[in-house]
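Every chain is numbered from 1 and lettered A, B, ... according to where its sequence line falls, protein lines coming before strand lines.
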2 protein chains.
Amino acid sequence: MAKSTPGEAVPVRQRGVTMKDVAKHAGVSRTAVSFVLSNRENASISEETRTRINRAVQELGYRPNAGARALASRRSDWYGIVTEIVTAPFAVNIIKGAQDQAWLDRRFLLIAPSDQADAVGPNQGLEDAATEKLLEQRVEGLLYAATFHRGVHVPASANEVPTVLINCFDADGKLPSIVPDERGGGRIAVERLLQAGHTRIGVINLDPVIPAAVGRLEGAREALAVAGLELDPELVVSGYATADGGYEAACRILDRYPRQDRPTALFCLNDRMAMGAYDAIKERGLTIPGDIAVIGFDNQELIAAYLRPKLTTVALPFEKMGALGVQTLAALTAGQPIIADQQLVDCPLLERSSV
Amino acid sequence: MAKSTPGEAVPVRQRGVTMKDVAKHAGVSRTAVSFVLSNRENASISEETRTRINRAVQELGYRPNAGARALASRRSDWYGIVTEIVTAPFAVNIIKGAQDQAWLDRRFLLIAPSDQADAVGPNQGLEDAATEKLLEQRVEGLLYAATFHRGVHVPASANEVPTVLINCFDADGKLPSIVPDERGGGRIAVERLLQAGHTRIGVINLDPVIPAAVGRLEGAREALAVAGLELDPELVVSGYATADGGYEAACRILDRYPRQDRPTALFCLNDRMAMGAYDAIKERGLTIPGDIAVIGFDNQELIAAYLRPKLTTVALPFEKMGALGVQTLAALTAGQPIIADQQLVDCPLLERSSV
DNA sequence: CGCTGTTGGTAACGCGCGTTACTTGTTGAA
DNA sequence: TTCAACAAGTAACGCGCGTTACCAACAGCG
């Protein structure tokens with residue numbers, strides 16, 4: 001492999017070229033090479049030897065050894081992220097956002113999978129396996145990312161390096177976290193419906209105890225209050241967070257009232273349920289948004305963008321949360337104090353065609 | 001941080017505990033500690049000092065430094081994967097499969113993002129950035145993973161370490177790859193429809209030139225041939241690989257024939273198009289699978305499992321391909337010869353309710 | 001002329017660990 | 001009693017690099 005084909009344009013990389021080789025080839029000391037490669041300000045190297053060294057680097061195809069560099073400099077430029085997202089990729093854009101940001105900062109993001117059970121539960125032992133592995137790699141900071149917004153307990157060893165939680169928060173309230181502004185999202189959704197003239201709005205709710213449900217519903221109430229309205233408890237129905245759950249909940253709401261009392265809009269607290277609601281509405285010969293407007297939450301692209309009509313929904317800012325997580329971590333590792341224990345990220349409204 | 005609270009049950013980890021500290025604490029040489037920790041067979045250490053060392057490790061909360069170990073032993077236990085999947089997470093289960101397998105093998109998978117343009121195109125320069133970074137980390141092997149089955153060019157530097165392609169293949173035909181058995185998938189889909197009694201089958205095709213379309217269609221033809229049937233070219237319509245594309249294509253097929261000549265089943269070459277086909281069918285007052293059976297491809301969970309009725313489809317074996325990629329890479333790095341240039345992985349049929 | 005400051009480098013140490021070569025103490029057989 | 005064989009460990013080197021301390025040559029200045 002990597003045979004030296006004569007006449008090749010690309011520099012032939014030899015395996016195992018070290019700084020020493022570069023130094024010899026350039027006729028200087030290894031120290032000089034190190035100085036040039038790390039662009040030291042105060043080191044005095046003449047322009048001529050500098051170019052000679054750079055040429056040697058090119059000719060030999062030298063590639064720095066990140067591990068050795070980390071060992072000597074005592075900084076790895078690595079962050080670690082522990083996440084169940086690899087297992088349940090709903091929120092994979094968190095990883096994308098974090099990756100991109102880390103890449104921009106010239107840092108490596110080590111991704112370690114955690115079983116969902118591990119991340120939530122108090123079961124010590126297995127729980128720390130991923131964290132432990134990351135610390136063995138001498139990551140300079142840790143991120144924990146969850147697929148859905150909730151409280152978690154992180155392993156104790158996370159205290160050893162700066163740590164930031166993404167899309168979840170520390171149940172013990174000690175670590176900084178990045179979470180979606182559920183309330184703002186709920187507010188903006190209902191505001192949109194109000195603006196379209198709807199005053200009788202049905203809500204298809206999630207399990208009422210989870211942070212997402214609590215926040216989004218609270219936001220909905222706020223928006224109604226501003227318009228001088230109240231949320232009719234009868235119009236709020238809960239169901240399983242699935243298409244079937246949404247279908248059933250929508251059926252209950254739609255069939256409960258005579259035509260003139262029927263809600264003219266449905267706020268579905270996630271897109272999967274909206275998907276089911278679509279079916280219930282269409283089955284009854286009603287049109288979207290003509291007879292019933294529908295607004296979702298989550299912006300699960302595969303659903304929202306492909307439903308017919310396309311679903312207007314509130315987006316969970318996964319990518320932004322990932323990026324912000326890395327930025328916060330960078331600030332922390334740079335020694336800056338924690339800004340806030342819980343940073344809220346906007347959930348923007350995505351207008352499509354269902355309102 | 002990590003303050004020593006007296007009376008704490010958990011061992012208090014001190015930052016920067018090294019083997020030397022462990023050795024001192026146990027009253028032995030650092031070499032002895034190294035021998036014990038790496039479980040050397042031929043090293044002779046008495047059972048008593050062995051336990052003494054292990055105790056010291058516990059008490060001090062020693063954690064090995066993976067980087068230093070890699071430097072000294074000249075093996076990193078790291079694989080790198082370059083992928084656009086982080087950007088377009090459709091095939092994220094490839095990463096999951098690879099991760100899990102690597103984790104089982106006690107190896108770390110470094111994930112580096114590649115822009116889609118980079119991975120395909122011949123644009124040198126930026127193209128290699130991810131690969132270069134990974135090689136700087138001294139990964140022992142490289143994986144390249146694509147979101148959809150196609151030919152790619154990998155950067156030249158990939159030659160320096162064993163390399164395996166996942167869900168794509170080397171356009172130059174030099175590197176081993178893991179790809180889905182599209183033809184087998186097409187065959188099994190049509191076999192299922194034939195078995196259910198359908199003989200007049202419409203096909204909603206993708207862009208006819210991509211490997212997925214070619215293979216799946218070929219498989220469909222094979223299955224029909226076994227039953228003594230031929231694929232009616234008129235029944236094959238292409239469209240954009242979206243729900244809208246599927247909707248339009250399905251409309252064309254459904255409206256073209258009088259009722260008795262209408263196909264009784266649709267083979268949609270991906271699930272998104274099946275989603276659109278559902279709408280076209282329902283709009284015409286037809287039922288699934290009563291009037292028209294539908295079978296998809298890809299098993300995009302968010303769609304297939306939530307459509308009503310749930311979509312029977314052929315799964316792309318992302319997770320398996322990821323795992324097999326790592327296994328193949330492990331074999332290669334262990335010095336075994338390449339088994340085949342292109343390993344096909346089965347696409348299993350997932351029975352739901354649309355046939 | 002001696003002195004100081006600057007330019008352009010180099011020698012040498014250590015990061016944390018794997019590994020080889022070597023030492024010491026003990027046992028058993030000749 | 002002597003010597004080989006083994007058990008139980010240690011000293012020392014080097015992996016590839018960052019970094020500090022040092023050195024030589026030369027210019028400028030009084």
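Checked by atom type, the side-chain pair B:Thr333/B:Glu140 shows no donor-acceptor distance below 3.5 Å.
Looking at B:Arg30, its side chain comes within 3.5 Å of the base of C:dG18 through a donor and an acceptor atom. One cannot find a donor-acceptor pair under 3.5 Å joining the base of D:dA7 and the side-chain atoms of B:Ser44.
A straight line from CD of A:Glu48 to C1' of C:dG9 spans 13 Å, rounded to a whole angstrom. The distance between atom CD1 of B:Ile45 and atom C1' of C:dT19, rounded to the nearest whole Å, is 13 Å. The CD atom of A:Gln137 sits 14 Å away from the C1' atom of C:dC17 (whole-angstrom rounding). The distance between atom CZ of B:Phe35 and atom C1' of D:dT10, rounded to the nearest whole Å, is 9 Å. Atom CZ in A:Arg138 sits about 20 Å away from atom P in D:dC17, given to the nearest Å. One atom, CG of B:Asn65, and another, P of C:dG14, lie 18 Å apart when rounded to the nearest Å. With rounding to whole Å, A:Asn39 atom CG is found 12 Å from D:dG18 atom P. Summarising the geometry, the separation between CZ on A:Arg50 and P on C:dG9 is reported as 10 Å, rounded to the nearest angstrom.
For the pair B:Val28 and B:Ala72, both in contact range of DNA chain D, the more 5′-proximal nearest nucleotide belongs to B:Val28.
Side-chain N/O atoms of A:Thr31 include none lying less than 4.0 angstrom from OP1 or OP2 on C:dT10. Phosphate proximity of D:dG9 to B:Ser46: present, with a side-chain N or O under 4.0 Å from OP1 or OP2. Look at B:Ser29 and you'll find a side-chain N or O under 4.0 angstrom from OP1 or OP2 of D:dT10. In this structure, B:Arg69 does not reach the C:dC17 phosphate: none of its side-chain N or O atoms is under 4.0 Å from OP1 or OP2. Here A:Arg74 does not reach the OP1 or OP2 of C:dC15: none of its side-chain N or O atoms lies under 4.0 Å away. At least one side-chain nitrogen or oxygen of B:Arg40 sits closer than 4.0 Å to the OP1 or OP2 atom of C:dT19. At D:dC17, none of the side-chain N or O atoms of A:Ser73 fall inside 4.0 Å of OP1 or OP2 (strictly under the cut-off).
Under a cut-off of 6.0 angstrom, the local environment of NZ in B:Lys320 is sparse, with at most 12 non-hydrogen atoms contributed by other residues, nucleotides or ligands.
Nearest heavy atom pair, residue A:Val36 against residue A:Arg50, reads CG1-CG, 4.1 Å.
In this structure a side-chain-to-backbone donor-acceptor pair under 3.5 Å is present from B:Ser76 to B:Arg138.
Between A:Arg63 and B:Glu160 there is a salt bridge, since a side-chain N of the basic residue sits under 4.0 Å from a carboxylate O of the acidic one.
Counting non-hydrogen atoms under 4.0 angstrom, B:Ser38 reaches nothing in the nucleic acid.
Between D:dA8, C:dT10, D:dC15, one nucleotide has an atom nearer to the side chain of B:Leu71 than all others, and that is D:dC15.
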